[in-house]
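Note sheet for the following structure.
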Amino acid sequence: MRRIFLGITFLLLVFCSCKYFTPNHAVARDTTVTPATSFNPVFLDSATVDSFLAKHSEFADFATQFRNFYHHRNYEYAWFDTTGLAEQAHNFLNLQRSYITDFSDSSFYNQLLEELFEDMHIRKARPSMGDPKVLQAELLLTGQFFRYAAKVFKGSDLDARQLGWYIPKKKINLTALLDSTLKTPQAEGVPLLTVNPQYHKLQEQLAKYLALEKQYPKDSIAPVKKSLKAGDTAYRITQIKQRLQLLGDMPAGNTSNLFDSSLAVAVRTFQQRMGLATDGVIGSRMIAELNVSLSDRIRQILVNIERVRWMPAERGSNFVLVNIPEFKLHVMDSGRQVMEMNVIVGKAANNTVIFTSNLKYVVFSPYWNVPPSITRNEILPAIRRNSHYLARNNMEITSYSGGLPEIRQRPGPTNALGLVKFLFPNNYNIYLHDTPNKELFSMTNRSFSHGCIRISEPKRFAEYLLRDDPSWTSDTIDSAMHLSKEKWVNINKPIPVYVVYFTAWVDAEGKMNFRNDLYKHDEKMAEKLFVK
């Protein structure tokens with residue numbers, strides 16, 4: 001099936017028109033639609049819808065949508081007219097068949113509908129003939145559309161909050177979507193809605209990995225005691241080349257046991273896709289990634305496709321996206337990425353929360369108000385060991401609450417928040433900030449914080465946020481970062497921030513990326529998605 005793939009990065013969240021993202025509710029029957037006033041003069045009996053739903057439990061979840069859809073059109077046929085099957089019926093079934101093939105998801109297959117469709121097509125059956133098979137095909141097409149759209153655009157019926165996802169899941173009015181689809185026929189291969197382009201890219205990669213699974217070696221490459229480098233020879237090198245060639249990181253044909261220049265290039269490509277140190281050296285971590293089975297990679301892709309379906313309607317072309325497993329912050333402006341930087345996120349025991357909010361304030365030379373848990377578990381034990389701890393760390397006690405001192409760290413180069421922080425108000429007390437521990441940004445696994453997000457280039461980020469205010473030059477920003485008291489600055493146009501969790505995505509160069517399941521969110525989600 002022909003597809004349209006939008007050539008922009010995963011980070012650009014493009015979603016469908018807001019008119020589809022409204023709750024479903026009961027609608028009144030539109031009696032103004034009659035054979036005399038409508039384009040299509042063939043109608044069905046309203047009682048047949050309830051009778052059909054009673055016999056087809058697979059559509060029970062869509063009973064309201066069924067009634068709303070046919071109420072709105074006063075039970076005018078949707079998929080047939082006086083000449084027979086409408087063009088939209090052909091397009092929709094082709095779309096559904098492609099989905100079944102691409103995702104290996106036979107749960108959508110409806111043999112009765114396929115048989116009826118072929119019969120209708122061959123006989124050119126029309127509603128005016130009074131054929132009960134036509135009525136059955138009409139209602140089956142409607143039911144299948146609701147099932148397809150709910151799965152593809154809304155995703156599985158999972159409680160995202162139980163899986164650590166606090167970005168509101170998008171809502172779709174399936175009735176409005178069906179009505180729009182029928183009024184504006186889509187060309188074959190064009191999706192019903194303009195969705196996140198990452199959805200289609202992952203769908204394409206899923207098809208490749210499903211085909212590749214049959215060829216990928218089932219044995220494991222033995223771990224190395226000493227890393228392999230250019231010029232080395234070993235049987236493992238032949239195994240590694242075979243896998244890199246199948247995965248598309250290396251041209252086919254070279255299967256020698258020599259670590260040559262072509263392998264060195266392929267190794268760096270693979271390392272970059274996996275979030276490893278791109279040193280061109282084959283160590284145990286790289287071999288472990290090559291040993292991950294294709295079935296596990298396929299499940300990882302499917303989990304992340306599900307997350308893409310959850311993403312809400314995009315609220316403008318200018319936003320900040322932090323992908324936790326990637327340890328990266330991306331700034332999108334007018335449909336393109338204008339900035340990218342390394343970040344440090346929460347440890348497994350102090351998860352950075354997945355949520356969205358609006359970035360509203362830049363705070364220069366900030367105080368760090370130490371959270372009670374850190375005061376209790378870290379600061380007080382340190383004070384008991386060293387009575388000068390507060391003075392040496394530029395800290396002070398501001399008050400007492402419930403017998404626990406409230407401690408803050410004064411502005412300065414040793415402040416835990418660095419020289420500037422960026423606030424997007426939320427219930428999780430999470431924000432972006434500088435850090436004095438710059439050396440940590442060079443590490444590949446950057447989960448060290450208590451939950452907040454440390455950014456590697458805070459001054460550059462501040463310059464971007466205040467770019468429309470001529471009073472904030474590089475020099476004035478630098479001065480503000482070295483004050484003795486904190487200074488708050490409002491951002492004229494608050495910018496949406498999305499803190500997300502994607503462990504699989506296709507990058508701007510079309511390469512499949514994978515990352516480790518840092519907080520075990522994939523694992524929990526897979527338990528619910530894939531029934532053993």
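Inspection of the Asn393 and Gln409 side chains reveals no N or O donor paired with an N or O acceptor under 3.5 Å. Using a 3.5 Å distance cut-off with no hydrogens or angles, the side chains of Gln300 and Arg297 do pair a donor with an acceptor. Between the side chains of Thr503 and Asp522, at least one donor N or O sits under 3.5 Å from an acceptor N or O. At a cut-off of 3.5 Å, with distance as the only test, no side-chain donor of Gln239 or Arg236 sits close to an acceptor on the other residue. Inspection of the Asn415 and Arg410 side chains reveals no N or O donor paired with an N or O acceptor under 3.5 Å. Lys218 and Ser293 form no side-chain donor-acceptor contact under 3.5 Å, judged by distance and modelled atom types alone. Between the side chains of His450 and Glu378, a donor-acceptor pair is found at a separation under 3.5 Å. Looking only at atom types and distance, the side chain of Tyr501 has no donor-acceptor partner in the side chain of Asn351 under 3.5 Å away.
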Original post:
Can Val331 and Tyr464 be said to form a side chain to side chain contact (heavy atoms under 4.5 Å, CB included), step by step?
Top reply: CA-CA 9 Å; Val331 179; Tyr464 172 79; 3.5 Å; yes

Subject >> Step-by-step side chain to side chain contact (heavy atoms under 4.5 Å, CB included) determination, Leu390 to Ile379 >> reply: CA-CA 8 Å; Leu390 292 180; Ile379 305 294; 4.2 Å; yes

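Residue Phe424 holds its CZ atom at 5.0 Å from CD1 of Ile453, rounded to the nearest 0.5 Å. Distance check, rounded to the nearest 0.5 Å: CE of Met274 to CZ of Arg285 gives 12.0 Å. Interatomic distance, CZ of Arg385 versus CG of Leu380, reported as 10.5 Å (0.5 Å rounding). Interatomic distance, CZ of Phe364 versus CG of Asp478, reported as 10.0 Å (0.5 Å rounding). The distance from the NE2 atom of His521 to the CG atom of Leu518 is 8.5 Å, given to the nearest 0.5 Å. Note that CG of Leu276 and CZ of Phe270 are 7.0 Å apart. Values are rounded to the nearest 0.5 Å.
Electrostatic pairing of Glu58 and Arg147 does not count as a salt bridge here, judged by no charged N lying under 4.0 Å from a carboxylate O. For the pair Lys208 and Glu213, the salt-bridge criterion is not met [side-chain N within less than 4.0 Å of a carboxylate O]. Comment: Asp434 does not engage Arg454 in a salt bridge, judged by the lack of any side-chain N to carboxylate O separation of less than 4.0 angstrom. Salt bridge status for Asp219 with Arg243: present, with a side-chain N to carboxylate O gap under 4.0 Å.
In this structure, the side chains of Asn323 and Arg515 stay at 4.5 Å or more apart for every pair of heavy atoms.
Not a single salt bridge (charged side-chain N to carboxylate O under 4.0 Å, His left out) links Asp475 to another residue, sequence neighbours left out.
Among residue pairs with one or both ends in residues 222-231, none qualify as side-chain hydrogen bond (donor to acceptor under 3.5 Å, both in side chains); sequence neighbours excluded.
Around CD of Gln272, the count of heavy atoms belonging to other residues, nucleotides or ligands within 6.0 Å does not exceed 12. Other residues, nucleotides and ligands contribute at most 12 non-hydrogen atoms within 6.0 Å of the NZ atom of Lys360.
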For residues 259-266, run the donor-acceptor check on the side chains, cut-off 3.5 Å, and write out each pair with its distance to 0.1 Å, sequence neighbours left out.
unit_1	atom_1	unit_2	atom_2	d
Asp260	OD1	Ser262	OG	2.9
Asp260	OD1	Leu263	N	3.1
Asp260	OD2	Lys241	NZ	3.2
Asp260	OD2	Asn254	ND2	2.8
Ser262	OG	Asn254	ND2	3.2

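With ring centers used as reference points, Phe92 lies under 6.0 Å from Tyr148. Between Phe319 and Tyr498, a ring centre-to-centre spacing shorter than 6.0 Å is recorded.
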